[in-house]
Number of protein chains: 2
Amino acid sequence: MATQNIKSGQTKFSEDDVLRQIEQAVLDHRLAPGTKLKEVQLANLFGVKRGLIRKVLTRLAHSRLVDQTPNRGATVAKPSVKEGQDLFATRRVIESAILETLIGHAEEKHVQQLGRMLDREQKAYLRGDTEGALGLSVDFHRELARMAGNSVLEEYLNDIIRRTPLVILTHLGADEHNRCRNQEHEAIVDAIARRDVKTAKKVMHQHLLHIESKIKHKPEKPPADLAELLRPHSVGQPA
Amino acid sequence: MATQNIKSGQTKFSEDDVLRQIEQAVLDHRLAPGTKLKEVQLANLFGVKRGLIRKVLTRLAHSRLVDQTPNRGATVAKPSVKEGQDLFATRRVIESAILETLIGHAEEKHVQQLGRMLDREQKAYLRGDTEGALGLSVDFHRELARMAGNSVLEEYLNDIIRRTPLVILTHLGADEHNRCRNQEHEAIVDAIARRDVKTAKKVMHQHLLHIESKIKHKPEKPPADLAELLRPHSVGQPA
DNA sequence: GATAATTAAATTGTTAACAATATTTTATCA
DNA sequence: TGATAAAATATTGTTAACAATTTAATTATC
């Protein structure tokens, strides 16, 4: 994924590497909404030229993960409550369509694969690995999209998933987490196995509403400290 | 929109100007899929630096309107049949959700506004202005999305609308046009006025299926001539 | 000591020159 | 003539230096 730079001993990253690292940091709640993203700082951090960072920031802005203001640089996006609501509402539409499409051509192997994912998720949760369980829970939703086989629906779901953490962090406390309930995932897989579109959609709908209902205004938090972008689970400071 | 450059007499464009011009050219079927987009050529054409073109091309690639290959530059995207099908299938989902959302809070003024748009569209069609009618027809769908008030659904519909002409041009003849039928638009507005979600969705569904059903492989066309990017309705040549 | 103006520093934005790669043209030979 | 190789050209990619702008620090003024 990243080649070693012999001379300086510093790790070098490609453009896509940097992009994914930042996206992952957002997904992991390590980058707080509003965090200033300085070009030279990031360039040093990743051991790349500023021009590359510049390109990455533009791309991130395009997917609404960062806000760019002329002459004032980029910050991690702070979606409005409205945008958050729209995002969740659209997610219900997309996931519903994914289920309908998937059940339309679901095979036994799909159900089995989903079953394996449920197991892994459950195990991670039982051994107290909440971070891992959260990741696997996201993977579950992604896998449904992949299996449905509609690349555009998949693309849109991934877009929504990438943007969701910023909504959560901006409008919910970081504590009251949006962990998916494994038992709801189970119910969805059961419905898929039975080709029961109606139930699958209903459960998914409830499943998503449960998180959405929590969106509300959150008290401001004091700014934290900087540049541990790469250390897992430390939250950056808003600008 | 664009400021005059006194010195050279050439028109200068901002980054967003250039982006929109190219997007519009795609929308108007002036840029054929596969057309090579050379950086210096575009820079001269728009009277801007190459760096700006470079940024625009990256952004266009991000919305899948152009394909970028390392060291070999950018071409207007040539979506696969599969991508086209996925795009249309997703469009049905999105437009359906838009109707449901809109009808949920539609007011009299919305219906009136839509009625006015139908009139304009009809008039353009009757006086033989097919190009204008096509644009107004697209506007009709966009307006439904705007009225629904969900920014994400609107964003996704616009994304699909931008990408659709490339599917049409790649897999359909440029002749058999995808003009929306005004009478179907009328039926949709009627259903909205009656708050009849079911009918509205059904008509929209048929309306969209009608176009989708035409997707099939198209014989190759010989390459045409170049650089009339700005002259209305001339199709650029594939690379 | 607070506020405003000035200066200095930091940060972003732009450009032109150069490097790397791909494409076309020309030359060479069978 | 046709194929292959070499050279020339065109095109894309990268970089470092500079310009413009914003932000922070400093000084001046009341």
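Numbered from 1 within each chain, the chains take letters A, B, ... in sequence-line order.
- The CG atom of Leu57(A) sits 14 Å away from the P atom of dT11(C) (whole-angstrom rounding).
- Look at CD1 on Ile53(B): it is 12 Å from P on dT15(C), rounded to the nearest Å.
- Nearest to the side-chain atoms of Asn71(A) among the listed nucleotides dT21(D), dG13(D), dA16(C) stands dT21(D).
- Heavy-atom neighbours of Arg162(B) CZ from other residues, nucleotides or ligands within 6.0 Å: above the threshold of 12.
- Between the C1' atom of dA16(C) and the CG atom of Leu52(B) lies a distance of 16 Å, rounded to the nearest Å.
- Candidate nucleotides dG13(D), dT12(C), dA16(D) were compared by shortest atom distance to the side chain of Lys36(A), and dT12(C) ranks first.
- Of all heavy-atom pairs between Arg142(A) and Ile161(A), the closest is CG-CD1, 4.0 Å.
- A donor-acceptor contact under 3.5 Å links the side chain of Arg50(B) to the base of dG13(D).
- Taking atom NZ on Lys49(A) and atom P on dA19(C), their separation rounds to 15 Å, with Å as the unit.
- Atom pair Gln68(A):CD and dT22(D):P shows a separation of 16 Å (rounding to whole Å applied).
- Between its opening and closing five pairs, the helix from dG1(C)-dC30(D) to dA30(C)-dT1(D) changes axis direction by 10°, a value rounded to 10 degrees.
- Using modelled atom types and a 3.5 Å distance limit, the side chains of Gln24(B) and Asp28(B) yield a donor-acceptor pair.
- As rounded to whole Å, 17 Å separates atom C1' of dG13(D) from atom NZ of Lys55(B).
- No donor-acceptor pair under 3.5 Å is formed between the side chain of Ser137(A) and the backbone N or O of Ala133(A).
- Between dA22(C), dT11(D), dT11(C), one nucleotide has an atom nearer to the side chain of Lys38(A) than all others, and that is dT11(C).
- Shortest non-hydrogen contact noted between Val152(B) and Glu83(A) is CG2-O, 4.4 Å.
- Protein atom CZ of Arg54(A) is 14 Å distant from nucleotide atom C1' of dT14(D), rounded to whole Å.
- Scanning all heavy atoms of the two residues, the minimum distance from Ala77(A) to Leu166(A) falls at O-CD1, 3.8 Å.
- At the phosphate of dT12(D), neither OP1 nor OP2 sits under 4.0 Å from any side-chain N or O atom of Arg72(B).
- Across His141(A) and Leu157(A), no two heavy atoms sit closer than the pair O-CD2, 3.5 Å.
- Atom CD in Gln41(A) sits roughly 12 Å away from atom C1' in dA10(C) (whole-Å rounding).
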